[in-house]
Amino acid sequence: MYYIPIDQLQPLHHMLYTHNLIEVKEEVQIMNEAKPGLVLDLFHTIVFVAIDQLPLTTKGIVHKKSIQKLIERLNLKEEDLNELPLQITDAEHVPLQVAIILDLLYYLKLVTKEPKQIVVQEKSLNMWLNMNTEQMTSVIVEIIIERYGAYHPEMQHWCCLIRQPVFLSGQWVEVERLLDWMIQEQMVNSSQRDEMRIRAKAWLRALAGFGWVDVGMVSGDRICFRWSISADIVLNVFHDDRWDFSTSDDAITSRYYVQPDFDIIVLPDVPYVLRWKLMMFTDIGKSDRMSIYRLTKESITRAVKRGVRIDEILNFMAEYSETGVPEHISLTLRQWDKDTNHSEIISSSSGIETRMDYFSEQQVKETWDVRKNFIKEIAPVHLVHIENDMPLPESFFPGIEQIPMMWTREFRSYHFSTGLQMMEQALLWKTKVKVSLGAQEVDFIPLHVTHNPYVISGEVYNPVMMQYERIQLSPSDWKELRLIVPNFT
């Protein structure tokens, strides 16, 4: 018996068939927008495992308390996957999104299961964190398709079809037209059409949860989709010996922003090596394309008790913060350090979270060649082109030079129409607005604006619950406001 390996099916499709993109000219209503992505979910899970570990029951199952904490960190939700037939180890014991994340971590050799707990594999983690987001995503795309999309011959063809270059331009593609083509080419029997429609929709919804496609609908409840990541990422794996994998400290150009309100704004291109070190002494405020980590007394106390010195934290923030560290934050962190009982040092099985110099330049060089083999081992071989230009922070805020300076610098009252403009601008940039609600000043993250009447839906941080909660505002609800953007000038 012979079979076509899944990694060879994609180029065979391209060689043997003609694929035509028929433009969707109708207005598309987005049903499932691409989430921040699996790379971010994997990262926050690894941090959780490294700091807290994942204790196992006597049956080798993750404890329910740990599962709940993991779920809170993930953008991927169970509803993104519940229509997808999956065969994953331990999936019957944990929610689907946790099962997939753990399955990927095992497959990538980033964690391993010991008799009593799940622990981080340091060497593999070093290799992984020194790749950029595009490299990580490219590796994961290949794994996801092979492990979760190839459970059925027709679905193997579907997974290959939607990854053809003509469909990777970011244009909307209608599912029904692709099913017509598959029936015409005898990949699918016409009697299977309804079943394939359900499977295709489930797969696209999962890809949206993974952060790679948007799923929409046009008139007549016809489903369509568009890729939200580049064709290079979908088609290629960053493996070739010609590419420079080094992301040593000297090469890091993208930095984060330490805000006066103890928030640390982390733009999408901040390397994961820096994010790792940040997570050693912060809490997750917002896990999105632009993440927000938060300095709290609890996070600093935990770090100090694990053996991280306060001078290491302050020096690290000063070195990599684009705008430095406000003086009152440095003073506050030192006071929190004084309030900590330094005799209560928490022991760790691995200790990697207590070393702020972990993943240093020397370690990067030591694992350089190993990492190339690691990528080759995990995924098939394709040629790629890497974009070496790092985007400037301003590029994430297009048109900022045309915005009145007072919007970002003055916390004050504005005219009704100006306030709405500021809210819509924050929505466009995916940033926060400081608003006064009664006697309280809060940071509000607008997520949706409706008109007639004007209602702005979004999230505010609840310090009592220690999490973000959804609220709705109308222009009459606030008195003063200010648009919050990093200080990159």
Side-chain angles (χ1 to χ4, degrees), residues 4 6 9-10 13 17 19-24 26-35 37-38 74-89 91-92 94-101 103-104 140-164 166-168 171-229 234:
I4 300 174
I6 189 67
L9 188 56
Q10 174 76 18
H13 251 261
Y17 298 101
H19 308 88
N20 296 314
L21 173 63
I22 300 177
E23 183 180 353
V24 177
E26 302 174 51
E27 183 178 354
V28 178
Q29 177 186 355
I30 294 182
M31 299 165 53
N32 302 100
E33 187 177 7
K35 291 191 172 181
L38 276 181
L74 301 180
N75 290 292
L76 185 66
K77 303 300 179 186
E78 192 162 15
E79 56 265 27
D80 298 323
L81 308 164
N82 55 17
E83 296 179 359
L84 197 66
L86 295 171
Q87 296 179 347
I88 302 177
T89 305
E92 67 273 19
V94 299
L96 277 176
Q97 73 272 37
V98 176
I100 277 191
I101 294 297
D103 185 59
L104 285 171
I140 296 174
V141 167
E142 295 289 333
I143 297 171
I144 289 288
I145 290 171
E146 182 170 354
R147 289 180 73 77
Y148 313 137
Y151 59 88
H152 190 280
E154 286 79 10
M155 280 304 297
Q156 291 180 21
H157 283 298
W158 171 259
C159 292
C160 287
L161 175 59
I162 65 174
R163 294 169 67 211
Q164 292 304 312
V166 68
F167 303 130
L168 297 175
Q171 300 291 322
W172 286 104
V173 182
E174 192 176 328
V175 169
E176 292 299 330
R177 293 188 181 277
L178 294 188
L179 293 180
D180 288 340
W181 183 87
M182 292 180 74
I183 292 172
Q184 174 187 320
E185 297 294 338
Q186 300 181 4
M187 295 179 185
V188 174
N189 190 293
S190 58
S191 63
Q192 298 175 297
R193 187 186 189 99
D194 291 342
E195 182 183 359
M196 271 300 298
R197 184 186 295 111
I198 294 172
R199 289 174 173 170
K201 182 180 177 181
W203 180 244
L204 293 173
R205 188 176 182 181
L207 292 182
F210 299 151
W212 305 333
V213 306
D214 298 317
V215 182
M217 179 184 293
V218 292
S219 61
D221 294 342
R222 302 187 333 267
I223 304 299
C224 55
F225 70 93
R226 66 182 176 190
W227 286 92
S228 60
I229 56 177
V234 178

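The analysis underlying the following values was restricted to heavy atoms, covering all of them including side chains, and did not include hydrogens, waters or symmetry mates.
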Keeping Glu195 on the side-chain end and Gln192 on the backbone end, is there a donor-acceptor pair under 3.5 Å? no

With a 4.5 Å heavy-atom cut-off, do Trp158 and Met196 have their side chains touching? yes

Within a strict 4.5 Å, meaning less than it, do heavy atoms of the Lys201 and Val215 side chains meet? no

Do Arg197 side-chain atoms and Val175 backbone N/O form a donor-acceptor pair below 3.5 Å? no

Quick one: does any side-chain atom of Asp214 pair with a main-chain N or O of Ala34 as donor and acceptor, under 3.5 Å? yes

CD1 of Ile145 to CE of Met155, rounded to nearest 0.5 Å, is 10.0 Å

Shortest non-hydrogen contact from Trp172 to Val24? O-CG2, 3.5 Å

Taking every heavy atom of Cys224 against every heavy atom of Val28, the minimum-distance pair comes out as SG-CG1, 3.6 Å

Just do the side chain to side chain contact (heavy atoms under 4.5 Å, CB included) check on Gln164 and Gln10 with the steps written out, would you? CA-CA 8 Å; Gln164 292 304 312; Gln10 174 76 18; 3.4 Å; yes

Report the distance from atom NE2 of His13 to atom CD of Glu185, rounding to the nearest 0.5 Å. 9.5 Å

Mind running side chain to side chain contact (heavy atoms under 4.5 Å, CB included) on Ile229 and Leu168 for me, showing each step along the way? CA-CA 8 Å; Ile229 56 177; Leu168 297 175; over 6 Å; no

How close do Lys35 and Gly209 get, counting heavy atoms only, and between which atoms? CB-O, 3.7 Å

Trp212 vs Leu38, test: side chain to side chain contact (heavy atoms under 4.5 Å, CB included). Steps then yes/no. CA-CA 9 Å; Trp212 305 333; Leu38 276 181; 4.1 Å; yes

Closest non-hydrogen atoms of Met182 and Glu154, given as atom of the first, atom of the second and distance, are CE-O, 3.7 Å

Answer yes or no: is there a donor N or O on one side and an acceptor on the other, between the side chain of Trp227 and the main chain of Arg163, under 3.5 Å? no

State, yes or no, whether a side-chain contact exists between Leu96 and Leu76 at a heavy-atom distance under 4.5 Å. no

How long is the span from the OH atom in Tyr17 to the CE atom in Met187, to the nearest 0.5 Å? 3.5 Å

Please confirm whether the backbone N or O of Leu21 pairs with a side-chain atom of Arg177, one donor and one acceptor, at under 3.5 Å? no

Applying side chain to side chain contact (heavy atoms under 4.5 Å, CB included) to His157 and Val188, what does each step give before you reach the verdict? CA-CA 9 Å; His157 283 298; Val188 174; over 6 Å; no

Aromatic ring proximity Trp181/His19, centre distance under 6.0 Å: yes

Rounded to the nearest 0.5 Å, what's the gap from CG on Leu207 to CZ on Phe225? Could you check? 9.0 Å

So does Arg222 pair up with Glu174, basic N to acidic O under 4.0 Å? yes

When every non-hydrogen atom of Val213 is compared with those of Leu204, the smallest separation belongs to CG2-O, 3.4 Å

Smallest heavy-atom separation, Phe167 atom then Ile162 atom, equals CB-O, 3.8 Å

Kindly compute the distance separating CZ (Arg205) from CG (Leu81), expressed to the nearest 0.5 Å. 9.0 Å

Hey, could you give me the CE/CD distance between Met217 and Glu26, rounded to the nearest 0.5 Å? 12.0 Å

